[in-house]
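For reference, the structure is listed below as C-alpha cells.
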Amino acid sequence: SHRINSPRSHRRDLRRCTPDEWSADTLFQAPSAMDLANSLDPFYHLSHVPWWAAAGYLGGVYAVHRAKRSSPPTALPKPALALYNAAQVVVNAYVAWEIASALGGRVWGIGIADTPRVRHGVYLHYLCKYLDFADTLVIVLRKKAAQLSFLHLYHHASIVLVWGWVVATWPSGADGG
C-alpha cells in the first residue's frame with residue numbers, strides 16, 4: 001500500500017482555531033523535506049481531494065431521486081425557500097466580504113502575499129460548497145427534472161473537489177504560497 005504523509009499533519013487544524021488564533025507562525029510552519037517531496041507526488045494530490053464528498057453528493061441525489069420516483073413532488077413552503085435563498089445571500093456576501101477585505105478590495109488577489117485571513121476566506125468559500133448541495137435537494141424533492149441537468153450535477157460534484165483540493169494542498173508561505 002502506498003501511504004502518503006500529509007504535510008498538514010503537524011499544523012494546527014483551522015476548524016479548531018478562532019480567527020484571532022490564526023497566525024503564520026502557528027498554522028503555516030515550514031515544511032519538512034518529506035512534505036516537499038509529497039507535494040510533487042501526484043498520489044499526494046489525488047489523496048487530498050474530498051472524493052467522499054462528490055461521491056456522497058451524487059449517491060445522495062440518486063437515492064433521493066429514486067425514492068421520489070413514484071411519489072408526488074414535495075411542496076416546500078415558499079417561506080422556507082425564501083429563507084434558504086436569503087441565507088445563501090447572507091452567507092456568500094459574508095464570505096465575499098472576508099476575502100475582499102483580506103485582499104484590500106482587489107478582486108482576484110493575484111500577486112498578493114498569502115495571509116491567514118485570505119486562507120480563512122477561501123476555507124469559508126469551500127464550506128459554502130456543501131451548503132450549495134441543498135440546491136439539488138430542493139430540485140429533486142420538487143421533481144423539477146428540467147433543472148436537474150448534467151451540468152448542474154457536474155458543477156456541484158466537481159467544484160467541491162476543486163476547492164477541497166485547494167484548501168488541502170495550498171502551500172505554506174515557506175513554500176512560496
**Request:** Report yes if the side chains of Leu81 and Arg142 come closer than 4.5 Å at any heavy-atom pair, otherwise no.
**Result:** yes

**Message:** With rounding to the nearest 0.5 angstrom, report the CG to CG distance, Leu153 to Leu58.
**Reply:** 6.5 Å

**Message:** Could you measure the distance from the NZ atom of Lys78 to the CG atom of Asn85? Nearest 0.5 Å is fine.
**Reply:** 11.0 Å

**Prompt:** How are the rings of Tyr154 and Phe150 set relative to one another: parallel (under 30°), tilted (30 to 60°) or perpendicular (over 60°)?
**Reply:** parallel

**Message:** Under 4.5 Å side-chain heavy-atom separation, chaining through any Ile, Leu, Val, Met, Phe, Trp or Tyr, what else clusters with Val91? Say none if it is isolated.
**Reply:** Tyr84, Leu131

**Asked** For the atom pair OH (Tyr94) and SG (Cys128), what is the distance rounded to the nearest 0.5 Å?
**Response** 10.5 Å

**Request:** Applying side-chain contact (heavy atoms from CB on, under 4.5 Å), run through His120 and Leu124 and close with a yes or a no.
**Result:** CA-CA 6 Å; His120 173 64; Leu124 292 176; 3.4 Å; yes

**Prompt:** Quick one: does Val167's side chain get under 4.5 Å of Arg119's, heavy atoms only?
**Reply:** no

**Fill in**
The reported gap from OG1 in Thr136 to NE2 in His152 (rounded to nearest 0.5 angstrom) is 2.5 Å

**Request:** Keeping the roles fixed (side chain from Lys143, backbone from Arg69), state whether a donor-acceptor pair exists under 3.5 Å.
**Result:** yes

**Request:** Give, for atom CD of Gln147 and atom CD1 of Ile139, the distance between the pair rounded to the nearest 0.5 Å.
**Result:** 4.5 Å

**Message:** Quick check: closest heavy atoms across Gly164 and Tyr126, and the distance to 0.1 Å?
**Reply:** CA-CE1, 3.2 Å

**Item:** Trp52-Tyr62 co-clustered via ILVMFWY side chain contacts under 4.5 Å
**Value:** no

**Asked** Can you get from Trp51 to Tyr57 by hopping between Ile, Leu, Val, Met, Phe, Trp and Tyr side chains that sit under 4.5 Å apart?
**Response** yes

**Prompt:** Roughly how far apart are Thr74 OG1 and Lys68 NZ, rounded to 0.5 Å?
**Reply:** 2.5 Å

**Prompt:** Should we say atom NE2 of His65 is surrounded by more than 12 heavy atoms from elsewhere, each under 6.0 Å from it?
**Reply:** no

**Prompt:** Can Ile99 and Arg117 be said to form a side-chain contact (heavy atoms from CB on, under 4.5 Å), step by step?
**Reply:** CA-CA 8 Å; Ile99 293 172; Arg117 286 189 63 212; over 6 Å; no

**Item:** Shortest non-hydrogen contact from His156 toward Phe133
**Value:** O-CE2, 3.5 Å

**Asked** How close do Ala54 and Val160 get, heavy atom to heavy atom, and via which atoms?
**Response** N-CG1, 4.2 Å

